[in-house]
Every structure is written in structure tokens, then in C-alpha cells.
Amino acid sequence: MIISEIRIRRMEMRMKHPFTTSFGTMQDKPFLLIEVIDEEGNSGWGESVAFSYPWYAEETVETNVHVIRDILVPLLLGKDISHPDEVSEIFAPIRRNNMAKSAVEGAVWDLYAKRNKQTLAEALGGTKEKIDVGISIGIQDSEEQMVETVRGFIEQGYKRIKMKIKPGADIAIIRAVREAFPNVPLMADANSAYTLDDIELLKMLDDFDLMMVEQPLAHDDIIDHAKLQEELETPVCLDESIHSLEDARKAVELGNCRIINVKIGRVGGLTEAKKIHDYCVAKGIDLWCGGMLEAGIGRAHNVALTTLPGFTLPGDTAGSDRYWEEDIITPAVEALDGEITVPSGYGIGYEPDLEKMNKYTIDEEVFKSEETEAAR
Ligand SMILES: O=C(O)CCC(=O)c1ccccc1C(=O)O
Ligand SMILES: [Mg+2]
């Protein structure tokens, strides 16, 4: 397939509720959608998961616009691609900028699956018809409020509860939730808010039968987490530290974690995510698919990835209604009793709703290959 046209759409949506992590609070969500069009006029869609502020990773919406427009589009436009894996090879000389790469590569995966009359899940080698999902809950104002918020999501059927924690909002909150719900699968995500100096506090996590603690230490660490894991019964899960298969291999070989949260954007795309999957299956490391508060396109990609058999634990891919008044795909992603039914349509399997998309579009830049321009 020939990559004839690439479009960058700047979007701006507002989440229903603010989301608070150890870094701060988010509610407005600017992001990018990438549409890749082939010589037959088929299109595939990808979403950049970069935020407007570089608190989670170094990329931002603006760095993604620059890297996609000025570097990735010129590398890809007009190329004849037989498989999306070739996109990561074409992008390999560019260091990092994984969310930018992933947004473009994801659109090519969707396009490829559509051309092959396959679901994206099938194109990736996925096997599940339904996926188990959990929920990620931001830091709340009080223990009571956290308990009530957790109660609401348990009633909706979510299969595991993740709570954000930070110094000063950790043990007491976890204890309150565990006492209220003795049997619910529970975990905590620190988004790098602790250091090894906090080891005595972190060891207290072992009292609450948590499934795991996610990224307790520095975002760029793969040494101290091993020291921590030695001291903890609770499994450590890495999120921010893992950008590639190589990072995953080093983390596992050093004993940094027993579980990995895979985010497509953070690792540079579906091809790399699949490599991490295959490695972790071989090593017996549990996986789950993380979230970046995505709108429909990114959410659909997460659903497809989660159908791979190594995604053994419920992920953060909740239903669209947890985030948005209205999503930009039809149907919206629906979580029923903690499960999402994988759609059967080709590609991502959800239709982009252009009317709704346009409503939240700030602007669009269109790039056409020379052949496409000449044919007009
Ligand atoms: O519901 C979601 O999409 C995941 C929410 C979440 O935990 C999160 C949201 C934004 C940035 C980082 C993280 C994280 O997993 O650390
Ligand atoms: Mg996390």
C-alpha cells in the first residue's frame, strides 16, 4: 500500500471529571489524531497520547506536531509499505519521540488491517473476543471519598481497582479501601513519587494484599526498583521506565519488576508492544495494557492490543463514558460487567464519527505525496 496522504488533526476535548496524579490535575485534553490514506482512498487512524505538559514523559502535543510534521511525515509519505512493521524500521533512526511515532504507526496498522479485511486484533495476532478491564482512580480529597468512588466502580463491574497514591496520600487511603472491600483486586500507582528513602513506608504496602504497586520510583530508574522488589512481597509493575523491548529485557533481567504495564504510545507503537508481549510471555512476566486517558481512536487501539494472550491482567482501558460526555467514534467503547467486547469491524472496528470529531477539531494539516499532488 502506498502512503499517499497523512493528516494531522489537533483536537481539544474536556474530560467529564478532573484526574489527579502525584504530579497534578488534568481535565482539558488537547491531543492529535493522525489519519493515513492510501492510494485507493482507504484511511487508517492513530492517536497521539502525549499531554500538553511533559509531566509523565518528555513529549508534549507540540513536540509531537513538530516531530510528526517535520520528520516522520517526510520519511513515510509516498512509501510503498507491505506491512506496518516496516514503519518502525523507517522510524528507527529517529531517537525516542515514541508517542509521535506510535500515533503514525498506529494509523498504518489500522489501514493495513482494513485493507486485509481483518480486525486490528486479528492483524496483531490477538485471540480474545472479550477483554477484562479495570479502572484507574485519581487521588481523591479524602479517604471517605476514595471509598465511595471505588464503591461506584465496583458496582459498575470493573475487575480491578487502581488508586493513584503520593506521599501523604497513600497508606491510610489504601487501608480504608481495603477494609471496606476485603476481596476486591486492588493496586496502587505512584507515578514515580517515591525514592528508596521511603522503603519503610513502601514495605507497609505488603499488609494490603495488593496485586502490585506501579512505578513507585523514578521514571528513568531500572536499578532501584530491583532493590525495592527484593524487599517487597507486593509485585512491582513498571510503567514510565519501559520505552522498548530492550528496557523490558533489562528490567526483567535485573529483577526490577514482576509485571509490566504496556502503553502503545510509550513504547513507540504496536510493533514494539508486540515484541514486549512476546518476550514477557516467554519469561512468564504478567502484562496489562495501560491507559493515557485516550479518546476513542487510542482507546480502540488499546482494546485490540489487549486481545493478545499475554495480557493476563485487567488493564486501564475503561469505557468511553468514564472519561467523555460523547466520544468521537461509533459506537463508543462500552465496558459491561468489567468486560469490553472486541468489535468485529475491520481495522480498529469502531467508526470515526466525523461530525463529532469536527466539533472538537482545532485545525488540520494535510500532507500529500508528490504522486498524489500530481494526479490532482
Ligand atoms: O484511565 C486511564 O487511561 C489511565 C489512567 C492513568 O493511570 C494514567 C493517566 C495519565 C497518565 C498516566 C497514567 C498512568 O497509568 O500512570
Ligand atoms: Mg502508571
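Every number for a ligand or one of its atoms is a count from 1 in the order of the listing. In what follows, every heavy atom counts, from backbone to side chain, and hydrogens, waters and symmetry copies are set aside.
One of the N, O or S atoms belonging to D239 lies under 2.8 Å away from the Mg ion (ligand 2). Using a cut-off of 2.8 Å, one finds that D316 contributes no N/O/S atom close to the Mg ion (ligand 2).
Contact annotation for K162 and ligand 1: only side-chain heavy atoms (C-beta onward) come within less than 4.0 Å of the ligand. Residue M26 does not touch ligand 1, judged by heavy-atom distances below 4.0 Å. Heavy atoms of F23 found under 4.0 angstrom from ligand 1: none, in either backbone or side chain. Residue-level proximity to ligand 1 for D189 is carried by the side chain, the only part with a heavy atom below 4.0 angstrom.
Proximity of a side-chain donor or acceptor of D198 to a complementary backbone N or O of Y194 within less than 3.5 Å is not detected.
Residue S136 holds the heavy atom nearest to atom 5 (C) of ligand 1 of all those in C237, A57, S136. Summarising the contacts of atom 14 (C) of ligand 1 with Q215, E214, K164, the nearest heavy atom is found in K164.
In this structure, K263 has a heavy atom closer than 4.0 Å to ligand 1.
Both the sub-6.0 Å distance and the 45° axial angle are satisfied by R160 relative to the ring of W288.
Here is the list of ligand 1 atoms found below 4.0 Å of a heavy atom in F51: 10 (C), 11 (C). In summary, the atoms of ligand 1 found under 4.0 Å from a heavy atom of M292, numbered by their order in the structure, are 3 (O), 11 (C). Atoms of ligand 1 lying under 4.0 Å from any heavy atom of Y56, numbered from 1 in the order shown and given with element: 12 (C). Residue-ligand proximity, N191 to ligand 1, at heavy-atom distances under 4.0 Å covers atoms 14 (C), 16 (O). Atom numbering of ligand 1 starts at 1 in the shown order; those under 4.0 Å from a heavy atom of D239 are 14 (C), 15 (O), 16 (O).
For S22 against A190, the heavy-atom pair with the smallest separation is OG-O, 3.0 Å.
Looking only at protein heavy atoms, the nearest one to atom 4 (C) of ligand 1 is G291 O, 3.4 Å. Of all protein heavy atoms, the one closest to atom 1 (O) of ligand 1 is Y323 OH, 2.6 Å.
The shortest N/O to N/O separation between W55 and ligand 1 does not fall below 3.5 Å. Any N or O atom pair closer than 3.5 Å counts here, and L293 shares at least one such pair with ligand 1.
Using a 30° and 60° split on the angle between ring planes, H83 and W109 fall in the perpendicular class, above 60°.
The environment of E355 atom CD is sparse: at most 12 non-hydrogen atoms of other residues, nucleotides or ligands sit within 6.0 angstrom. Heavy-atom contacts from other residues, nucleotides or ligands closer than 6.0 Å to CG of D141 number 12 or fewer. Atom CD of E326 has more than 12 neighbouring heavy atoms from other residues, nucleotides or ligands inside a 6.0 Å radius.
Within the 4.5 Å cutoff, the side chain of V213 has no heavy atoms near those of the D189 side chain.
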T21 and N191: CA distance, side-chain angles, deciding distance, side-chain hydrogen bond (donor to acceptor under 3.5 Å, both in side chains) verdict: CA-CA 7 Å; T21 68; N191 288 110; 4.8 Å; no

Step by step, would you call F31 with F51 a ring-ring contact (aromatic ring centres under 6.0 Å, His included)? CA-CA 7 Å; F31 64 96; F51 299 136; over 10 Å; no

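Rounding to 10 degrees gives 90° for the angle at the Mg ion (ligand 2) between OE2 of E214 and OD2 of D189.
A salt bridge between D239 and K263 is present, with a side-chain N of the basic residue lying under 4.0 Å from a carboxylate O of the acidic one. Salt-bridge check for K114 with D110: passed, with a basic side-chain N closer than 4.0 Å to an acidic carboxylate O.
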